[in-house]
Amino acid sequence: MVIALIGLFAFPLFANNYLLLIAGQILIYMIAVTGVNVLVGYTGLMSLGHGAFFAVGAYTAVIAHNAVENLFPLITLALSAGVAALFGLLFGLPSLRVKGLYLAVATLSANFIILFLIRQDWAAPWTGGRQGIETPNAVIFGWELASNTAKYYLIAPVFVVFVLFAQNLFRTRFGRALIAIRDNDHSAEILGISLYAYKLKSFAISAAYCGAAGALWSYFFPAILPEDFSLNMSITLVVCLIAGGMGRTLGPLFGTLLILLIPEILKIISGVFTGGDGNALIHFSSIRDIVFGLLIILFLIFEPMGLVSIWDRFWRFVARWPFSK
């Protein structure tokens with residue numbers, strides 16, 4: 001952990017702007033996927049609407065900054081997380097009656113409803129409507145975080161706090177109750193666990209993570225559009241979790257790295273094969289998408305438990321040989 005933290009905070013010293021852009025995006029996604037893991041991995045409730053909660057956090061941050069100039073970023077994060085949590089409670093109500101595929105379809109409505117409201121003309125003064133809206137830079141004690149390096153150092157500590165909170169959450173009575181609901185909700189109810197209360201709280205915490213990630217997203221990019229938070233984002237969050245491994249703290253981290261870095265690696269490879277020719281890159285981009293899809297399918301076939309399973313096997317191997325007595 002110490003080595004990882006040193007690498008995390010020393011990374012900007014050796015990275016250019018492009019790498020910082022990719023790294024910042026990955027860290028923001030890791031926060032959101034960790035939130036999805038609270039609901040899907042630990043509570044066992046499927047959701048395809050977390051891209052909408054991401055959008056709520058992003059637009060809440062922009063609206064708050066437009067209302068109060070130079071608002072302290074931590075206040076914005078808390079506000080965005082709180083508003084997203086309220087939306088999570090609202091769209092989590094179907095979990096009291098349905099689960100599985102039916103719940104996934106029910107939460108899917110969050111994407112369409114929230115993005116529909118954002119695009120409306122009456123909401124344009126606050127959200128920018130279909131044209132999107134410019135986002136402000138975070139300001140800390142008079143220092144404007146305008147560079148990618150400064151923005152990265154805002155995101156990285158928040159990422160560490162949110163991941164550690166999730167790690168310790170499931171060592172508490174509340175976290176163990178969520179795991180009991182995932183394993184067998186009927187047995188959990190017999191033990192005195194209120195399914196209604198804990199499911200809604202899980203939805204709220206999960207949505208709050210995405211809301212905070214959305215606020216960081218608005219700080220990180222110069223503008224946001226409704227299309228940034230489409231159904232594709234919700235699916236990407238779930239795919240990152242599945243690829244990394246559900247119900248484990250490291251799962252969202254590994255999965256996000258895999259899913260977000262593969263397109264960048266394929267982009268570099270395509271540039272090498274095409275020599276940077278624009279027309280060739282256009283034709284190669286479709287092949288790149290096909291390769292990306294095939295890699296994900298093959299990975300899920302041969303490693304359905306996610307990257308965290310490979311991580312566990314590696315350390316078991318290290319423990320057995322050649323260091324074991």
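Everything quoted here is computed from the prediction, not taken from an experiment.
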Inset, instruction - Starting from the C-alpha separation in whole Å, work towards a yes-or-no answer on side chain to side chain contact (heavy atoms under 4.5 Å, CB included) for F170 and R248. - result: CA-CA 10 Å; F170 296 98; R248 297 286 299 277; over 6 Å; no
Inset, instruction - Find out whether Y29 and W217 are in side-chain contact, i.e. whether some heavy atom of one side chain is under 4.5 Å from a heavy atom of the other. - result: yes
Inset, instruction - Find out whether L8 and L27 are in side-chain contact, i.e. whether some heavy atom of one side chain is under 4.5 Å from a heavy atom of the other. - result: yes
Inset, instruction - Taking all heavy atoms of F91 and all of P94, pick out the closest pair and write down the distance. - result: O-CD, 3.2 Å
Legend entry - N16 side chain near L19 side chain, heavy-atom distance below 4.5 Å: yes
Legend entry - Y209 side chain near N37 side chain, heavy-atom distance below 4.5 Å: no
Inset, instruction - Please tell me if the side chains of L21 and F220 come closer than 4.5 Å, counting only heavy atoms from C-beta onward. - result: yes
Inset, instruction - Would you give the length of the straight line joining atom CZ of F54 to atom OG of S230, rounded to the nearest 0.5 angstrom? - result: 12.0 Å
Legend entry - Minimum-distance pair of heavy atoms, taken over all atoms of T249 and V163: CG2-CG1, 3.8 Å
Inset, instruction - Among T76, N137, I155, find the residue that satisfies the side chain to side chain contact (heavy atoms under 4.5 Å, CB included) test when tested with Y219. - result: T76
Legend entry - Closest approach of I26 to T256 (non-hydrogen atoms, all atoms of both residues): O-CG2, 3.7 Å
Inset, instruction - Using a cut-off of 6.0 Å, state whether more than 12 heavy atoms not belonging to L13 lie near its atom CG. - result: yes
Legend entry - Interatomic distance, F159 atom CZ to L216 atom CG [nearest 0.5 angstrom]: 11.5 Å
Inset, instruction - Check whether more than 12 heavy atoms from other residues, nucleotides or ligands sit under 6.0 Å from atom CZ of R313, and answer yes or no. - result: yes
Legend entry - Heavy-atom pair of closest approach, residues A207 and H50: N-NE2, 4.3 Å
Inset, instruction - Could you tell me whether the side chain of F254 reaches within less than 4.5 Å of the side chain of S309, counting heavy atoms only? - result: no
Legend entry - Any side-chain heavy-atom pair of L103 and M46 under 4.5 Å: no
Inset, instruction - Let me see the working for I205 and F174 under side chain to side chain contact (heavy atoms under 4.5 Å, CB included), right down to the final yes or no. - result: CA-CA 12 Å; I205 293 173; F174 176 83; 3.6 Å; yes
Legend entry - V38 backbone acceptor or donor facing S206 side chain under 3.5 Å: no
Legend entry - F302, CZ: over 12 other non-hydrogen atoms inside 6.0 angstrom: no
Legend entry - Steps toward side chain to side chain contact (heavy atoms under 4.5 Å, CB included) verdict (W311, L250): CA-CA 9 Å; W311 179 258; L250 291 177; 3.6 Å; yes
Legend entry - Non-hydrogen atoms of V40 and S47 that approach each other most closely: CG2-N, 4.1 Å
Legend entry - Minimum heavy-atom distance between F203 and G88, given as atom pair plus value: CB-O, 3.6 Å
Inset, instruction - Kindly state each residue pair satisfying ring-ring contact (aromatic ring centres under 6.0 Å, His included) with at least one member in residues 122-145, sequence neighbours excluded. - result: F72-F141
Inset, instruction - State, yes or no, whether a side-chain contact exists between I133 and T127 at a heavy-atom distance under 4.5 Å. - result: no
